[in-house]
Amino acid sequence: MNKEEYRAQVDAVPFSPDFPDRTMARLGKLAQEREKKTMKKGTWRTGLVAAAVAAALSVTAYAAVVMLRPQDVAQHAGNQALAAAFESAEAVAVNETKVVGDYKVTLMGLVSGEGLSRVEALEGGVAQDKTYAVLAYARTDAAAIEEDVPDLTVSPLVEGYAPWQLNAWTLDGGACTFAQEGVLYYLFECDNVEPFADHTVYLAVYPGTHIPPSAELFGFDEGTGAITAKADVALFTLPLDESKADPQKAEELASVWSQPQPAESIAPEEDLPADKTLIISEASNAPGEMIITER
């Protein structure tokens, strides 16, 4: 391909109405300061610059089309009211990405409380006392995610409360997932976390499917209330409005689960008779609380 053919193809690339004029004016001004020989070389480079910019714009536009917005995810999940809530000014965009194992996990945005109350009148309205967050998973090796849900767990955590006492299980968590264009979207919901806004509130993503937080995954300083990650864990800090903190409501949410719960598996201290078996299961009336029975 000669220069004329290359230039013709570049000129055929669509730009914004004033983009060519602004670009050429700038490059022309720079070219005037050079010698004639340099000017000819600069004319050739103008085409390369235009092509590079056009390519960058094309990539950005493609990414914008492929990646859904939080409101699109809610709509795909069949909740028009929640989609409207994500369109409201009270919805918070985060768009922070962390790597967990083989996945890049992006916390796209969230909406809670008041932002939900504004759309409650719509058909299929959403509960005001909930927090909804949208995440997107993409594989680090760029392989497409089609149907399989990544082996990851999502749970809110609040500094000042042990992870195994206040989490997705105790805050009535739930999720809806679907894959599109190689990306898995994860719509997470739980009790409204805004009452804890005077604390640092996290959304944790860690390996395992529906595994409650444990001392094997998280460290907890009982003196300061600080939570740390021990393993391959992502901790997204939720940008909550501290003025919406409600200590009384927070205490009500936490007090239900104030009894100590197992932080990790503990082996029995005494040997069982050969005909006895220990069965460890989750209490039906207290999700996240494990009970031990003999059989």
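The structure presented is a predicted model; accordingly, all values stated were derived computationally and were not measured.
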Derivation and outcome, side chain to side chain contact (heavy atoms under 4.5 Å, CB included), residues Q75 and F86:
CA-CA 10 Å; Q75 188 169 23; F86 273 113; over 6 Å; no
Interatomic spacing from CG in L203 to SG in C190 - rounded to 0.5 Å
7.5 Å
For A85 versus V111, what's the shortest heavy-atom pair and its separation?
O-CG2, 3.9 Å
Set of residues satisfying side-chain hydrogen bond (donor to acceptor under 3.5 Å, both in side chains) with respect to D232, sequence neighbours excluded:
none
If we only count heavy atoms from C-beta on, is the L187 to L82 side-chain gap below 4.5 Å?
yes
Report yes if the side chains of T200 and I227 come closer than 4.5 Å at any heavy-atom pair, otherwise no.
no
So how far is it from C176 SG to F188 CZ, rounded to the nearest 0.5 Å?
13.0 Å
What distance do D241 atom CG and E194 atom CD have between them, rounded to the nearest 0.5 Å?
7.5 Å
Is there a side-chain contact between K230 and L217, using heavy atoms and a 4.5 Å cut-off?
no
Starting at CG of D191, measure out to CD of E252 and round the result to the nearest 0.5 Å.
12.0 Å
Go through the structure and list residues passing side-chain hydrogen bond (donor to acceptor under 3.5 Å, both in side chains) with T224, not counting sequence neighbours.
none
If you look only at distance, which donor and acceptor atoms sit under 3.5 Å apart when one is on a side chain in residues 150-162 and the other is two or more places apart or in another chain?
from : atom 1 : to   : atom 2 : distance (Å)
D151 : OD1    : T209 : N      : 3.0
D151 : OD1    : T209 : OG1    : 2.4
T153 : OG1    : G208 : O      : 2.5
T153 : OG1    : H210 : N      : 3.0
T153 : OG1    : I211 : N      : 3.3
S155 : OG     : A168 : N      : 2.9
E159 : OE2    : Y202 : OH     : 2.9

Does the side chain to side chain contact (heavy atoms under 4.5 Å, CB included) test come out yes or no for V105 and F236, once each step is laid out?
CA-CA 10 Å; V105 181; F236 294 96; 4.2 Å; yes
Residues passing the side-chain hydrogen bond (donor to acceptor under 3.5 Å, both in side chains) test with D221, sequence neighbours excluded, are none
Heavy-atom side-chain proximity of D198 to E242 below 4.5 angstrom
yes
What closest approach, in Å, do L240 and A197 show between heavy atoms, and which atom pair accounts for it?
CB-CB, 3.9 Å
Write out all pairs satisfying salt bridge (charged side-chain N to carboxylate O under 4.0 Å, His left out) with one or both partners inside residues 166-178, taking only residues at least two apart or from two chains.
K130-D172
Quick check: do Y137 and T177 have side-chain heavy atoms less than 4.5 Å from each other?
no
If I compare all heavy atoms of A229 with all of F218, which pair ends up nearest, and what's the gap?
CA-CD2, 4.4 Å
Any side-chain heavy atom of P70 sitting closer than 4.5 Å to one from Y132?
no
Using the ring of each side chain (for Trp, its six-membered ring), is H199 parallel, tilted or perpendicular to F196, with breaks at 30° and 60°?
perpendicular
Rounded distance (nearest 0.5 Å) linking atom OH of Y103 with atom CZ of R139
5.0 Å
Mind running side chain to side chain contact (heavy atoms under 4.5 Å, CB included) on Y185 and L68 for me, showing each step along the way?
CA-CA 9 Å; Y185 295 95; L68 298 180; 3.7 Å; yes
Determine whether H76 and F178 satisfy the following criterion, ring pair (Phe, Tyr, Trp, His ring centres under 6.0 Å), listing intermediate values before the conclusion.
CA-CA 9 Å; H76 191 285; F178 66 91; 3.6 Å; yes
Only one of D246, D129, T131 passes side-chain hydrogen bond (donor to acceptor under 3.5 Å, both in side chains) with N192, and that residue is T131
Applying side-chain hydrogen bond (donor to acceptor under 3.5 Å, both in side chains), can you list everything that pairs with D102, at least two apart in sequence or on another chain?
none
Can you measure from CZ (R69) to CD (E87) and round to the nearest 0.5 angstrom?
5.0 Å
